[in-house]
Amino acid sequence: MSTDLVRFERALRDQGFSRVAGADEAGRGALAGPLVAAAVVLPEGFDPEGIDDSKVLTRNQREAAYERIVAAAAFAVAKAEPGAIDSRGLHRSNVALLRRCVRALDPPPEYALTDGFPVPRMPCPSLAMKKGDAVAVSVAAASIVAKVTRDRIMVRMHRRYPEFGFDHNVGYGTPEHLEVLDRLGPTPIHRLSFACVGQPLLPGMDRSIGVPGWELAERESMAP
């Protein structure tokens with residue numbers, strides 16, 4: 001690994017910030033399922049081997065890294081359900097979740113690093129970092145915790161709505177997912193404010209008229 005992933009945390013500790021949190025989210029671009037955020041404070045001396053931006057790791061690598069992180073670190077997780085995202089908006093939901101996670105850490109952090117954009121009203125000094133999950137180990141760890149947590153939620157949702165393939169697309173808009181969405185309509189865990197999901201006034205996107213196909217299929221399967 002060519003990038004020194006601990007350099008930001010090391011520099012902050014040298015300045016007297018002993019508990020440095022990283023915060024990140026998973027599921028911003030998904031059409032279904034919650035937005036999940038996590039904040040992580042890794043102990044000093046934590047081995048960064050195998051820790052990286054969750055998007056570049058395989059599922060097995062993420063799961064192994066997740067187990068190492070939660071066994072050693074202080075962490076907090078929060079989620080926003082699709083209905084809250086639809087009513088509040090994606091970005092506002094995202095910012096609120098990151099702030100909530102950092103505030104939930106016990107003991108509280110002395111400094112926080114976030115991926116991408118600034119988060120106002122943090123409980124401690126904070127720095128927004130471009131591609132933070134690829135350059136700071138605590139943010140990368142948070143991205144892994146958020147991603148694994150969300151993937152596990154979507155695997156459970158697959159048991160309820162197996163037609164949509166949530167066990168492998170985890171709610172993202174794959175061609176398979178979009179085809180089933182066109183055919184059966186959105187489920188209660190879809191984000192209706194997202195294009196291609198609940199935009200009935202747009203040509204070819206009328207998915208909210210009548211009873212969704214998945215609900216009809218469910219009713220038929222339950223019929224005596």
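All heavy atoms count here, side chains included; hydrogens, waters and symmetry mates do not. For reference, positions follow the sequence shown, starting with 1.
Side-chain contact between L192 and P82: absent, with no pair of heavy atoms (C-beta onward) separated by less than 4.5 Å. Within the 4.5 Å cutoff, side-chain heavy atoms of E176 are placed close to those of H168.
Put simply, OG1 on T114 and CG on D24 are 8.5 Å apart, with the number rounded to the nearest 0.5 Å. Between C196 atom SG and H190 atom NE2 the span is 11.0 Å, to the nearest 0.5 Å. In this structure, NZ on K130 lies 11.5 Å from CG on D115, to the nearest 0.5 angstrom.
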(request) Test side chain to side chain contact (heavy atoms under 4.5 Å, CB included) on V36 and R152 and set out the steps. (result) CA-CA 11 Å; V36 176; R152 291 177 178 181; over 6 Å; no

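Shortest non-hydrogen contact noted between V139 and E9 is N-OE2, 4.5 Å. The two residues H177 and G171 have their closest heavy-atom pair at CE1-O, 3.4 Å.
A donor-acceptor pair is defined here as one N or O able to donate and one able to accept, closer than 3.5 Å; such a pair exists between the side chain of R62 and the backbone of L57. A donor-acceptor pair is defined here as one N or O able to donate and one able to accept, closer than 3.5 Å; no such pair exists between the side chain of R100 and the backbone of A37. Judged by distance alone, with hydrogens and angles left aside, the side-chain atoms of R191 form a donor-acceptor pair with the main-chain N or O of G33 at under 3.5 Å.
One hydrophobic cluster holds both Y161 and L178 under the rule that ILVMFWY side chains link at heavy-atom gaps under 4.5 Å. Two different hydrophobic clusters hold V95 and V40 under the rule that ILVMFWY side chains link at heavy-atom gaps under 4.5 Å. Criterion: ILVMFWY side-chain heavy atoms under 4.5 Å apart, direct or through other members. Under it, I69 and V6 are part of a common hydrophobic cluster. The same ILVMFWY cluster, assembled from side-chain heavy atoms under 4.5 Å apart, contains both L97 and F194. Each of L12 and V41 belongs to its own hydrophobic cluster when Ile, Leu, Val, Met, Phe, Trp and Tyr are linked at side-chain heavy-atom distances under 4.5 angstrom.
Using a 4.0 Å cut-off between charged nitrogen and carboxylate oxygen, R10 and D14 do not count as a salt-bridge pair. Using a 4.0 Å cut-off between a side-chain N of Lys or Arg and a carboxylate O of Asp or Glu, D133 and K55 qualify as a salt bridge. Looking at R13 and E110, no side-chain N of the basic residue comes within less than 4.0 Å of a carboxylate O on the acidic one, giving no salt bridge.
The aromatic rings of F17 and Y111 stand perpendicular to each other, their planes meeting at an angle above 60°, with 30° marking the opposite boundary.
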